[in-house]
*Asks:* 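Quick one: the structure is below, and I'll ask about it shortly.
Counting begins at 1 with the first residue of the sequence.
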Amino acid sequence: MKKALLITFCVVFSILILSCQKEDSSGLEAVKKTLQLTASSNEVERDSEITFTVTADGTPIKDAEIVIVNIGQLKEYKWIPKKEDTYRFYATKTGFNNSEQIIVKVVTPIIVDKSEVYINYLNQKINLENPIMQMNAFSRSKTTKQEEIFSRWTFEAENLKLGLKVLIYFNTPSIDIGNNKYNYVLPNKTNITDVNLLLLKKNDKGIFVQENIAIAYNTASFTLFEAPKNDIIKGEFNVINPAIANVPFELKCKGDISFKDNSE
């Protein structure tokens with residue numbers, strides 16, 4: 001009888017211990033907090049930075065890991081997307097429940113023309129549109145001393161209503177980086193050479209033909225251009241030449257210019 005009572009007591013005691021352990025475990029799980037992940041924007045343009053914030057019950061969490069689903073983990077709380085797509089993110093940290101996934105849509109940048117381009121010609125101010133600057137293939141020309149490496153640039157703007165186009169050609173240095181490859185140098189106040197200006201007008205057949213050409217060297221004033229971003233190059237320059245058909249001529253360009261790199 002005593003043996004039976006002892007067995008019964010042991011069984012009941014074991015059940016009580018297991019029950020307590022279960023309650024303690026569930027209590028620990030109840031304390032475990034859930035991360036919250038937010039982004040600076042749910043829609044961002046390609047090549048634009050987006051930042052993230054991780055919190056738990058309103059408290060900032062500085063050392064969580066942010067994961068892009070099916071891609072990988074971010075090294076920090078910011079990201080610059082290089083491709084248009086829809087991405088999913090979540091935050092994770094030991095001792096916390098993972099955050100819910102958030103969605104960030106990456107879209108193509110909207111390029112807004114912020115340029116101001118005009119010429120003073122034939123005693124009138126003519127606004128020009130669609131300014132574009134191109135850096136063409138690297139060229140080499142031999143001088144009496146050594147072989148010169150330079151980049152050939154072309155600037156173009158137009159006023160189609162008046163059937164008018166303006167082209168400017170000029171050179172800047174190039175840097176030899178080996179293996180027959182070169183890096184161009186952006187135009188600035190001191191490195192522009194061989195500036196030429198070409199004026200085109202539509203004839204009766206609707207074809208642009210050469211109206212006048214003038215060498216504008218030493219009459220061109222360039223400010224420092226910024227490195228191209230999103231196919232836009234920023235800068236400012238003036239070209240003044242009194243020799244076009246004996247009529248004073250001036251071109252002014254300031255702001256954003258569409259850019260094409262044709263160096264390959």
*Asks:* Once side-chain hydrogen bond (donor to acceptor under 3.5 Å, both in side chains) is applied, do any residues pair with Thr53, and if so which ones, sequence neighbours excluded?
*Replies:*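 Checked Thr53 against side-chain hydrogen bond (donor to acceptor under 3.5 Å, both in side chains); zero matches.
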
*Asks:* Tyr184 and Phe150: aromatic ring centres closer than 6.0 Å?
*Replies:*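 Between Phe150 and Tyr184, which both carry aromatic rings, the centre distance is not below 6.0 Å.
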
*Asks:* Holding to salt bridge (Lys or Arg N to Asp or Glu O under 4.0 Å), I want the full list of residues that pass it with Asp85, two or more places apart in sequence or in another chain.
*Replies:*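 Listed in chain order: nothing, the list is empty.
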
*Asks:* Through direct or indirect side-chain contacts below 4.5 angstrom among Ile, Leu, Val, Met, Phe, Trp and Tyr, which residues connect to Val69?
*Replies:*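 Its cluster mates, by chain and number, are Val67, Tyr90.
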
*Asks:* Who pairs with Glu84 by side-chain hydrogen bond (donor to acceptor under 3.5 Å, both in side chains), at least two apart in sequence or on another chain?
*Replies:*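 Testing Glu84 for side-chain hydrogen bond (donor to acceptor under 3.5 Å, both in side chains), a comparison that skips the adjacent residues, returns Arg46, Thr108.
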
*Asks:* Evaluate Asp63 against Lys93 for salt bridge (charged side-chain N to carboxylate O under 4.0 Å, His left out), listing each step before the verdict.
*Replies:* CA-CA 8 Å; Asp63 56 350; Lys93 176 178 168 62; 3.0 Å; yes

*Asks:* Restricting to side chain to side chain contact (heavy atoms under 4.5 Å, CB included), what partner residues turn up for Glu65, sequence neighbours left out?
*Replies:*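 Here the qualifying residues are Gln73, Thr92.
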
*Asks:* Side-chain heavy atoms under 4.5 Å apart, restricted to Ile/Leu/Val/Met/Phe/Trp/Tyr: what other residues fall into the cluster of Ile68, or is it alone?
*Replies:*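 Its cluster partners, ordered by chain and number, are Leu35, Leu37, Val44, Ile50, Phe52, Val54, Ile61, Ile66, Ile71, Leu74, Tyr77, Trp79, Tyr87, Phe89, Phe96, Ile102, Val104, Val106.
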
*Asks:* Just to verify, what does Glu156 make a salt bridge (Lys or Arg N to Asp or Glu O under 4.0 Å) with, not counting sequence neighbours?
*Replies:*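 Partners of Glu156 under the salt bridge (Lys or Arg N to Asp or Glu O under 4.0 Å) test: Lys165.
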
*Asks:* Can you name the residues that form a side-chain hydrogen bond (donor to acceptor under 3.5 Å, both in side chains) with Thr38, not counting sequence neighbours?
*Replies:*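 In terms of side-chain hydrogen bond (donor to acceptor under 3.5 Å, both in side chains), with neighbours along the sequence ignored, Thr38 is linked to no residue.
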
*Asks:* Just jot down the side chain to side chain contact (heavy atoms under 4.5 Å, CB included) partners of Thr190, sequence neighbours excluded, or say none.
*Replies:*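 Testing Thr190 for side chain to side chain contact (heavy atoms under 4.5 Å, CB included), a comparison that skips the adjacent residues, returns Asn188.
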
*Asks:* Residues two or more places apart in sequence or in another chain: which of them pass side chain to side chain contact (heavy atoms under 4.5 Å, CB included) with Gln134?
*Replies:*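 For Gln134 the side chain to side chain contact (heavy atoms under 4.5 Å, CB included) partners, ignoring immediate neighbours, are Ile132, Asn136, Lys260, Asn262.
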
*Asks:* Test of understanding: with side chain to side chain contact (heavy atoms under 4.5 Å, CB included), list the residues that count as partners of Lys161, not counting sequence neighbours.
*Replies:*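 Partners of Lys161 by the side chain to side chain contact (heavy atoms under 4.5 Å, CB included) criterion, ordered by chain and then number, come out as Asn159.
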
*Asks:* Please list, chain by chain and in numerical order, all residues satisfying side-chain hydrogen bond (donor to acceptor under 3.5 Å, both in side chains) with Lys202, sequence neighbours excluded.
*Replies:*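 If we apply the side-chain hydrogen bond (donor to acceptor under 3.5 Å, both in side chains) test to Lys202, skipping adjacent residues, there are no hits.
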
